[in-house]
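Below is one structure; the comments refer to it alone.
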Amino acid sequence: MSLRVEIGFTLNGVRQSATVGPDTSALALLRDGIGLTGTKYGCGEGECGACSILVDGQSVNACLMFAVDLDGRSVITIEGLGADRRAQLLREAFVRHGAVQCGFCTPGMMVQATQLLARQPRPDAAAAKSAIEGNLCRCTGYQKIVEAIVEAGEVLAKEGVR
C-alpha cells in the first residue's frame, strides 16, 4: 500500500485539492488527475520545456516537480494565461509571426515568454532567446518565436501594461 497525501494549491486562480502519491509528478497530476492537457509531456527529463508551468511566478518543468511540492502554492498553466493582456498579445504575435506551427512546444514557450514579460516588459531579442533557451522547437527555427515575444513586449510597453 503506497502512502498518499492530501495537498491544496491554487491552480489558475482556483483553489484545488488532490490526493497524490509521493512519486506523482506535477505533470501527471495536471494532465491525468485534473485533465488540463495544455501542458505537454515531451521528454519526462526536463530537457524540452514542453511541460513548463509557473509555480509562485517562477517557471518550472512540471515533469521534474513532485505534485506534493505544489502544496500551498500558486500554479499557472497555459490554460490559466487566457484572460491576461500579456498572454493575449503573445498569442496574437505568435500567430502574426507564424511562431505556431505544430503547436507542441507553444504552451511551454508561452509560459516562458509570459514570465519574461512579467520581469522585463520590453525585452530585446537576446533576452527573448535566453528566456526560451530551455524549450525545444522542431518547426520554427526559434526566430519567429523571438520576434513574436519582442513584438508583444513592444505593444505592452506602448500600452503601459506592466
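Computation of the quantities below employed the complete heavy-atom set of this structure, encompassing side-chain atoms and omitting hydrogens, waters and symmetry-equivalent molecules.
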Query raised in the report: What are the two closest non-hydrogen atoms of C63 and G46, and how far apart are they?
Result: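 Answer, listing the atom of C63 first, then G46: SG-N, 3.3 Å.
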
**Report entry** Closest contact, heavy atoms only, G153 versus P123
**Finding:**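 That closest heavy-atom pairing would be CA-CD, 4.1 Å.
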
Taking a hydrophobic cluster as the set of Ile, Leu, Val, Met, Phe, Trp and Tyr residues connected by side-chain heavy atoms closer than 4.5 Å, whether directly or through intermediates, do [X] and [Y] fall within one such cluster?
X    : Y    : answer
I145 : V155 : yes
Y142 : L117 : yes
F66  : L27  : no

Query raised in the report: Is the number of heavy atoms from other residues, nucleotides or ligands within 6.0 Å of CZ (R15) greater than 12?
Result: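 Yes, because the 6.0 Å sphere around CZ of R15 holds more than 12 heavy atoms from other groups.
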
Requested in this report: Might you confirm whether atom CZ of F104 has over 12 heavy atoms from other residues, nucleotides or ligands at distances under 6.0 Å?
Outcome: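 Yes, enclosed.
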
Query raised in the report: Quick one: are T39 and V111 in side-chain contact, heavy atoms under 4.5 Å?
Result: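 Sidechains of V111 and T39: no contact.
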
**Report entry** Minimum side-chain heavy-atom gap L29-F9 below 4.5 Å
**Finding:**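 With C-beta onward as the side chain, the pair touches.
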
Would you say the side-chain atoms of [X] pair up with the backbone N or O of [Y], donor to acceptor, closer than 3.5 Å?
X    : Y    : result
K40  : T37  : yes
S130 : A126 : no
D56  : R73  : no
N61  : L64  : no
N135 : G49  : yes
Q112 : S59  : no
S25  : A28  : yes

Report task. Could you tell me whether the side chains of R85 and Q88 share a donor-acceptor contact shorter than 3.5 Å? Result ->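 Yes.
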
Query raised in the report: Judged by modelled atom types alone, do T19 and E6 share a side-chain donor-acceptor pair under 3.5 Å?
Result: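 Yes - a donor-acceptor pair under 3.5 Å links their side chains.
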
Query - Verdict with supporting geometry, I132 and V146, side-chain contact (heavy atoms from CB on, under 4.5 Å) - result: CA-CA 8 Å; I132 63 170; V146 169; 4.1 Å; yes

Report task. Would you please test M65 and L70 for side-chain contact (heavy atoms from CB on, under 4.5 Å) and show each step? Result -> CA-CA 8 Å; M65 184 173 203; L70 296 178; 3.8 Å; yes

